[in-house]
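Encoded as structure tokens, the structure appears first; notes follow it.
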Number of protein chains: 4
Amino acid sequence: MSLRQKKAEKKKEEIIQSALSIISEKGYHATTMEDIAAKLLMTKGSVYYYFKDKQDLLFESQKMLLEQSIANIEKVVFEDLPPVEKLDATMIIHMEYLISERTGFTMGARPEQLFAEEQLNDILELREKYSKYFDDLIKQGIEDGEFMEIDIRLVRNIILGAMNYMIDWYSPKGSKSKSELAEAISNYLLRILIKDPK
Amino acid sequence: MSLRQKKAEKKKEEIIQSALSIISEKGYHATTMEDIAAKLLMTKGSVYYYFKDKQDLLFESQKMLLEQSIANIEKVVFEDLPPVEKLDATMIIHMEYLISERTGFTMGARPEQLFAEEQLNDILELREKYSKYFDDLIKQGIEDGEFMEIDIRLVRNIILGAMNYMIDWYSPKGSKSKSELAEAISNYLLRILIKDPK
Amino acid sequence: MSLRQKKAEKKKEEIIQSALSIISEKGYHATTMEDIAAKLLMTKGSVYYYFKDKQDLLFESQKMLLEQSIANIEKVVFEDLPPVEKLDATMIIHMEYLISERTGFTMGARPEQLFAEEQLNDILELREKYSKYFDDLIKQGIEDGEFMEIDIRLVRNIILGAMNYMIDWYSPKGSKSKSELAEAISNYLLRILIKDPK
Amino acid sequence: MSLRQKKAEKKKEEIIQSALSIISEKGYHATTMEDIAAKLLMTKGSVYYYFKDKQDLLFESQKMLLEQSIANIEKVVFEDLPPVEKLDATMIIHMEYLISERTGFTMGARPEQLFAEEQLNDILELREKYSKYFDDLIKQGIEDGEFMEIDIRLVRNIILGAMNYMIDWYSPKGSKSKSELAEAISNYLLRILIKDPK
DNA sequence: AATGAATGAGGTTTCATTCAT
DNA sequence: GATGAATGAAACCTCATTCAT
């Protein structure tokens, strides 16, 4: 990739970051192209140089967010660790990413409302892939005899829901730090799975 | 209340129901007054007879939703039941209400973004009241020795998060019915609390 | 139709007239919704109350123009006159309409560029219908032995082209009046057809 | 002219050709600098190296088109031929040029709308010059006794209108070739003029 | 010479809101 | 009470134009 292309790529990422943070704060529809541009001291026009339309920017943002999240947990998922520790680590990574980026997976509307056709497919597939890592970790734990025989999909949704909700209530002013909270939540959630919790 | 007032009150509720269901589907900003009116075969002009503005309608809707939800779980909370069963019943009621109304507590944006001043206070207080019922149930369970000593607020948020997430993934086409799911989830979540799960 | 509907219908026609005259002056793309509204002392917003979008307004305008033109020449076409006189009258009507409305059939772009699918079909069919009246008149003249055996479609296009071009060069300041011009042109064009011109 | 200048001149012509064909297809306002550049695998930035602005490009294009057209018919006009044949040949050249370049003299708007001052004058003069050749041919025919005494300007406009309309209806898929059509049309139009048509 | 990037003016469109009837 | 009509602010988006490289 040429220097130019690299620069352009970097700019796109900057815009995406800006978009993600504002969308996660206000929701998709309340976020204006002006908002996104202004945060980067750009004009709307420039944003349109990089993205076809708002829809496109949303899609690219959502895609990047999911891809980063996937890359993020893959760091742990492929390590050689016992299932419990692995799931624990994965959950913690998920929550810390969530909080530090202040960026949830939600956009203030169902994906079905925001995307159509191929775009929707792409997003759903990435979500699927992400979820599957959790499912696999749970499954492994069951096979290893450490987890109980539970409804994998259901429990995975419980876990994701509990974690993602953090973005709604977390405040840096609280008595517990981000990490402490993540660890605590992870521990509580593991109790659903572990055969013989202490 | 005169007959006229009663009629007006009924109409207001109808509008609120319409608003709630569409907002929960599309998010606040994507929902137009037109949408809300059209669902009731009204014109948007009429809606303004009953509500000062969109903001007002949103506020009243959210308030009613929370008040109904509170009334809803109060049916169980004040019964004479052991804590485990009570919490179990409360969670199930919460989830069934969620699904049957297809109406989450989220509006596609943070309450802080949508409300200001007094309105915000009212809403936060109602949320607080709702949450407190869960906190109290948990506390009672701990005092009775049935639940472990856990961080009440944290676990309550885990529970609410896990339950509310249902609206994102629940589909009536699934193999389990709404009730079966609610029961299963409730059971899983109780494992976080119960001292000696079977 | 209720009084209200009638009024609305009248308003739509007003807007269409405004649109037609400006579009015929400036071309479709150079004509702004603002222009159209301003000419009627309305705001853009109001225009959108009556027409879905600019495209829609263009389509309705073009349709009305063609329908009016058709109705216009039908007044003569169905009369009981010898072919030569009939064609003569029809051409004159065509030209006088053109000039008095200062509204050509052209919109500054090919219909294929402006319309798609059904809309395009509708427009082309109306054009076809209009052309066919000319073709029929010519055909009748040939059958009656008054016109020569010529390529009907070709000659019809010559006639239409020659007439429509008027809008490009006609000026009220010229030495001949609108009617005189129309008659003169009609006479010249008939020479192409008539077997034995004096 | 230096080699460099020649190259630049050639590039300008390429751009003009591109502009002409797109403008004649879409109309001036719907044609973007991007369109024009893209057709030549250039970027719009480059076009600005050769032309001051869009206006300028339009003017140069229109000027070149008219100059070429004039040079085009001058090939015949100055030949030594009887008036009828000369006018016939001129018309045919006009039509063939029109079709082969797929470029009419119209730009989707009146020249008065697009040009101002000097530019407008230049264009109108060239148009005038072009028209005058037709007028002169007709006049010659009248003086030679081959054409009837008609309103020269009027008939010239009929002829131009009929010919230029071709671009609206001509399709290469038709049963007659471009040349056959041009000849047929020319013949029909001559009937308006010739004293004693066979 | 050429181009990628940026800009801003202006156009289209949406929608909460108002109001006369 | 209800509604059709109108409005204007604000959003999205396009594109001619400029400019540093």
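Letters A, B, ... mirror the listed sequences (proteins, then strands); counts begin at 1.
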Task: Assigned partner base of F:dA16, Watson-Crick or wobble definition, under 3.5 Å - done: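 By the stated definition (distances under 3.5 Å), E:dT7 pairs with F:dA16.
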Task: F:dT21 - base-pair partner by Watson-Crick or wobble geometry, distances under 3.5 Å - done: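 Looking at the geometry, F:dT21 pairs with E:dA2.
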TODO: For C:Y49 and for A:H29, find the nucleotide of DNA chain F with the closest heavy atom, then tell me which residue's nucleotide is more 5'.
DONE: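 Result of the comparison: C:Y49.
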Whole-Å distance between [N] [atom2] and [X] [atom1]?
X	N	atom1	atom2	answer
C:M33	F:dA11	CE	P	21 Å
C:Q5	E:dT21	CD	P	20 Å
D:K10	E:dA1	NZ	P	13 Å
D:E34	F:dT17	CD	C1'	13 Å
C:E9	F:dG4	CD	P	15 Å
C:L3	F:dG4	CG	P	14 Å
D:I15	E:dA2	CD1	C1'	11 Å
A:D56	F:dT14	CG	P	11 Å

Quick one: does [X]'s side chain have a donor or acceptor within less than 3.5 Å of a partner on [Y]'s backbone?
X	Y	result
A:S61	A:L57	yes
A:K26	A:S21	no
B:S18	B:E14	no
B:Q5	B:S2	yes
D:K39	D:A19	no

- [ ] I would like to know whether C:L114 and C:H29 meet side chain to side chain contact (heavy atoms under 4.5 Å, CB included); could you show each step before the answer?
- [x] CA-CA 10 Å; C:L114 299 176; C:H29 289 286; 3.9 Å; yes
Would you indicate which nucleotide in [options] comes nearest to any side-chain atom of [X]?
X	options	value
A:Y48	F:dT14, E:dA16, E:dA1	F:dT14
A:K54	F:dC13, F:dT3, F:dT17	F:dC13
B:Y50	E:dA6, F:dG1, E:dT13	F:dG1
C:K44	E:dT17, F:dC12, E:dT12	E:dT12

Task: Given DNA chain E, 5'-ward residue of the pair C:Q55 and D:L41, judged by closest heavy atom - done: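 Looking at DNA chain E, the more 5' nearest nucleotide goes with D:L41.
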Task: A:T43 or B:Y28, whichever maps to the more 5' nucleotide of DNA chain E - done: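 On the 5' side of the pair lies A:T43.
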Open item on the list: What's A:A8 touching, base or sugar-phosphate or nothing? Going by heavy atoms closer than 4.0 Å.
Closed with: sugar-phosphate
When you measure from the side-chain N and O atoms of [X] to the phosphate of [N], is any distance below 4.0 Å, counting only OP1 and OP2?
X	N	value
B:R4	F:dG1	yes
B:S46	F:dT3	yes
D:K7	E:dA1	no
A:K52	F:dC13	no

